[in-house]
2 protein chains.
Amino acid sequence: MSKQKIRNMDAFSAVCGVSRPTLSKYFNDPDSVKRSTRDKIEQALARYDYRPNIYAVNQNRQTTRNIGIVVPNLADPFFSEIGREVELACHDAGYSPIVLSSHGRPGLEASNLNALWSLKPAGVLLAPFGRASDVSIVEAFAKDVPVVLFDANIEGVGEAFIGTDNNQSVDLMVEYLCRSGEPPCFFEMKSPLNPNASKRRQAYLESMQRHGFAAQILQAEGEGWDFEAIGSAEGGRMLSENAFATNTVLCSNDRLAIGMLSAAYGLGLRVGHGPDCTLRIAGHDDHPYSRFTCPSLTTIAQDYSEIAARAAQTLFAIIESSESGSQRKETLLDGKLIMRNSA
Amino acid sequence: MSKQKIRNMDAFSAVCGVSRPTLSKYFNDPDSVKRSTRDKIEQALARYDYRPNIYAVNQNRQTTRNIGIVVPNLADPFFSEIGREVELACHDAGYSPIVLSSHGRPGLEASNLNALWSLKPAGVLLAPFGRASDVSIVEAFAKDVPVVLFDANIEGVGEAFIGTDNNQSVDLMVEYLCRSGEPPCFFEMKSPLNPNASKRRQAYLESMQRHGFAAQILQAEGEGWDFEAIGSAEGGRMLSENAFATNTVLCSNDRLAIGMLSAAYGLGLRVGHGPDCTLRIAGHDDHPYSRFTCPSLTTIAQDYSEIAARAAQTLFAIIESSESGSQRKETLLDGKLIMRNSA
DNA sequence: GTAAATTATTTACGCGCGTAAAAATATAGC
DNA sequence: GCTATATTTTTACGCGCGTAAATAATTTAC
C-alpha cells in the first residue's frame, strides 16, 4: 500500500517521463503545462510518493506563497474565530497560511513578526495590539512585506485596514438602550490595550450627547487579558456600591459583560428587561458564549466572516498585483444589534 | 537606525571577521565556538542585519528543529490553552513550534500532518481526534516522525501518551456528589468524537456501582463542536421533561454543563447546593469560563500545564536521544476537584 | 501538407548553506 | 618556552530546485 518514495525531482522525472524543468513548471502552476503532460505527472504522483522539498523550493525565491496571520491572543474567542476564517480563506486561495498568536504579550508580537520575516511571506494579515504594539517594528516590517491590518488600526501602517465601525455599532446600542429604558452607563477597563476600547468610549460619549443624556463612565482597575475576572471583581464591587447612576450598563466588550453578569448573579440581582429585573447589562462583540450567559447577553455582532474575507481578499489583491504604492484603504463594517435577554 | 542588510553568510563572514564554517557552527550552536569568536560574531550581529536563510539551512538537513503541534480545535479553550503551554515549552527549549488546528474537522488533521511532513519536523505533539482520526495516516506519519500523543490516546500509536486519568477524576467527582447529596445522573453526547468521553462514561458506571447506586445515562442528540448549544437544547429538553432520576447531573465536560446551566436558568431552576436549590450540575475540565457561569461550575481541573510540560519533555527526550525503539509510555495524571457553587 | 505557434527537453548555472578534510593558528599545561 | 590540544581557516563539494537559453518535438492553423 505504501508508495515508493522518490528522493528528488530528478528521480521523479525519470519515473514519470517528464523533464525536470517541466515538472518544476507544473508544481508552480499545474495549469501551465499541457493537459496530456499534466495527466502523466498526476498519474505518476498517484503511484509514487514524491513532493518537492519546500526548503529547496523557497530558497531562491525572494517571496513564497506563505501568508502570516498574527493575532494578539488565540485564547480570546474573537481572534480564534476570525483567525480560523482568515486561515481557511488563505488556504482556499492556494496560499499557505501560518497562524501565530502573541499570547497576550506585546513582546511576542515583535518576535512573531521577526520569525515571519525569515519565512519570506508573500503577505501578512495582522491584528495588532495597538497601543502596546512596537510600532517601529511593525512599520519596518510593513515596509518589506505587504501587510493588511484588521480589528485594530495603526494609522498609516500597512496597505489597508478592515474593522468594525465602533461609532455606528455603539450608537446602535445606545439608541436601543435609551429607547427601551434608562440610558446606559459605560463600563470599561481603565487602561485598555485595544484601540477599539477608546473608540467605543468616545462613541458612547458622543452618542449620549446626541440623545441628550448625561454620560457616566466607570473604569475597572486591572491589567492583562483576564477580562471576565476583572469584569466580575470590579463590576461586582461597583454594583454593590451602587456606583452606576442608572440601571443600565453598556460594557466595552462581552468578556467584561460576562464577568459582570456573573457578579450580578452572585449578588442576587435579577438582570434583564423583564418587569422584575433591576439591572440591564449589554455587551459588544457577540462572543460565542454570550448566547449562554445567564441571562443571555444583548450585544453587538461584529461580522467576523466579512472582516476575515475582506482582509484576505484585500491582501490577495495586493500580492497578485504587487501594487504597494496605491492609497491606503480603511474599511469599516457595520455591527448588528443582537437582542437577547440581558437588556 | 535601520541596520545594513547582509545578503548571505559569506558577506557576513567578511564584515565580522569570522570564517563561514565557523559562523555555521555558531548558528547551529552558539556554545560550540570559543567565547572570543562568539563575542565577535554577536557584536557584528548587533551592527548588521543578518539572519541565516532558514530555507537554505533546512534544505539538506533530514530533520529540522521544527516541532509540530496539532490540536483538533483551537476554538475550544482547552486546546487553545494547552496548545499555548506546549508552544512556549518548545520555544524555551530552542525549538520552533508550529501550531496547527484542525478546526474540528478530522479531514484537516490528515492535511495538517501532510503539511507538517514537508517541514521535516524533529517531532510532533498530537492531540488526535481519536475515533474520527484517520488512524492509518497517523500511524504512517508516526513511523517517520517521533510523535507524542496527548489528551486523546490511540493505542499503540506514537512514542508516548500523556493525559488525564478519567477513572480517577470521575470517581473523585462521583464520590463527592454521592457524599454530599443525591447520586449523579450522567449527561453526555450520544456520539462523542473524543475518546475521553467514553472513558468517562465507563468510569461513571463503575464508580456508581462501587458506591452502590443505580446509574443513569442520558445522551444528547447532535453532532459537531457546538457543545454548549447541544447541552442547552438537549439538557433543557430533558430537564423540562423531568428525565433525570435524581436532582444531580454530572456532565461529560464543562461545555455541555455550560449549556445546561443556561437552559436551567431559562427554565427558572435554581441550581446549586444551597437549601433553596433544586438541581445540582457538575462538569469536567475546568473550562476557563466555568468560574463565571451562573452559578459557578463545580468541576474537575485537568492539569493543563503538567500535561503540556510532560508531553513536551517526553518529546524532547526522544528527539535528543533519537531513541524511537524504547517502550511506549502512557502517563495518566490526576484531576483535581474544584468545588464551586453549582454542585 | 506546410509554416507558425506552442510546448517540452537538454544543458548549465546559481542560490545559501552544511559539512568534510587538511592546514594554520591560538590556547593550555607544564 | 615548548609541546599537546582545541579552535579556526581554507578549500571544496553537494543538496534540491529555479531558471535561462538553445534546441527539439508537438500541436495548431490554414
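In what follows, every chain begins at residue 1, and chains take the letters A, B, ... in the order their sequences are listed. Side chains are part of it too, since the values below use all heavy atoms of this structure and drop only hydrogens, waters and symmetry mates.
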Which word best sums up how the rings of Phe129(A) and Trp225(A) line up, parallel for under 30°, tilted for 30 to 60°, or perpendicular for over 60°?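 Taking Trp225(A) first and then Phe129(A), their aromatic rings stand perpendicular (interplane angle over 60°).
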Could you tell me which residues satisfy salt bridge (charged side-chain N to carboxylate O under 4.0 Å, His left out) with Arg7(B), sequence neighbours excluded, listed by chain and number?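 For Arg7(B) there are no salt bridge (charged side-chain N to carboxylate O under 4.0 Å, His left out) partners, ignoring immediate neighbours.
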Under 3.5 Å, side-chain donor or acceptor atoms of residues 76-84 of chain A against the rest of the protein: list the pairs with distances, not counting sequence neighbours.
residue  : atom : partner   : partner atom : Å
Asp76(A) : OD1  : Phe78(A)  : N            : 3.0
Asp76(A) : OD2  : Arg255(A) : NH1          : 2.9
Ser80(A) : OG   : Pro77(A)  : O            : 3.4
Glu81(A) : OE2  : Arg84(A)  : NH2          : 3.0

Going by distance alone, is a donor N or O of one side chain under 3.5 Å from an acceptor N or O of the other, for [X] and [Y]?
X: Glu330(B); Y: Asn153(B); value: yes
X: Arg61(B); Y: Asn28(B); value: yes
X: Asn53(A); Y: Gln59(B); value: no

Mind listing the residues from residues 8-19 of chain A sitting with a heavy atom below 4.0 Å of DNA chain C? Number order is fine.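 Residues of residues 8-19 of chain A under 4.0 Å from DNA chain C: Gly17(A), Val18(A), Ser19(A).
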First of Gln59(B) and Thr22(B) reached from the 5' end of DNA chain D, by closest nucleotide: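 Its nearest nucleotide lies further toward 5', so the answer is Thr22(B).
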Is it true that Asp29(A) and Lys25(A) have a side-chain N and a carboxylate O under 4.0 angstrom from each other?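 No, this pair does not count.
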Show, in sequence, the C-alpha distance, side-chain angles and deciding distance for Phe316(B) and Ile67(B), and conclude whether the side chain to side chain contact (heavy atoms under 4.5 Å, CB included) test is met. CA-CA 10 Å; Phe316(B) 300 158; Ile67(B) 288 188; 3.5 Å; yes
Under 4.0 Å, heavy atom to any atom of DNA chain D: which of residues 28-53 of chain B qualify?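 Result for residues 28-53 of chain B: Val33(B), Lys34(B), Thr37(B), sorted by number.
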Which pairs would a plain distance check flag for residues 135-146 of chain B, meaning a side-chain donor or acceptor within less than 3.5 Å of a matching protein atom at least two apart in sequence or in another chain?
residue   : atom : partner   : partner atom : Å
Ser136(B) : OG   : Asp134(B) : OD1          : 2.8
Asp144(B) : OD2  : Lys5(A)   : NZ           : 2.9
Asp144(B) : OD2  : Trp117(B) : NE1          : 3.2

Drop me the distance from Leu332(A)'s CG to Phe161(A)'s CZ, to the nearest 0.5 angstrom.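 Those atoms lie 6.0 Å apart.
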Opening and closing nucleotides of DNA chain D in contact with chain A, under 4.0 Å to non-hydrogen atoms: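 Going 5' to 3' along DNA chain D, contacts run dG16(D) to dT27(D).
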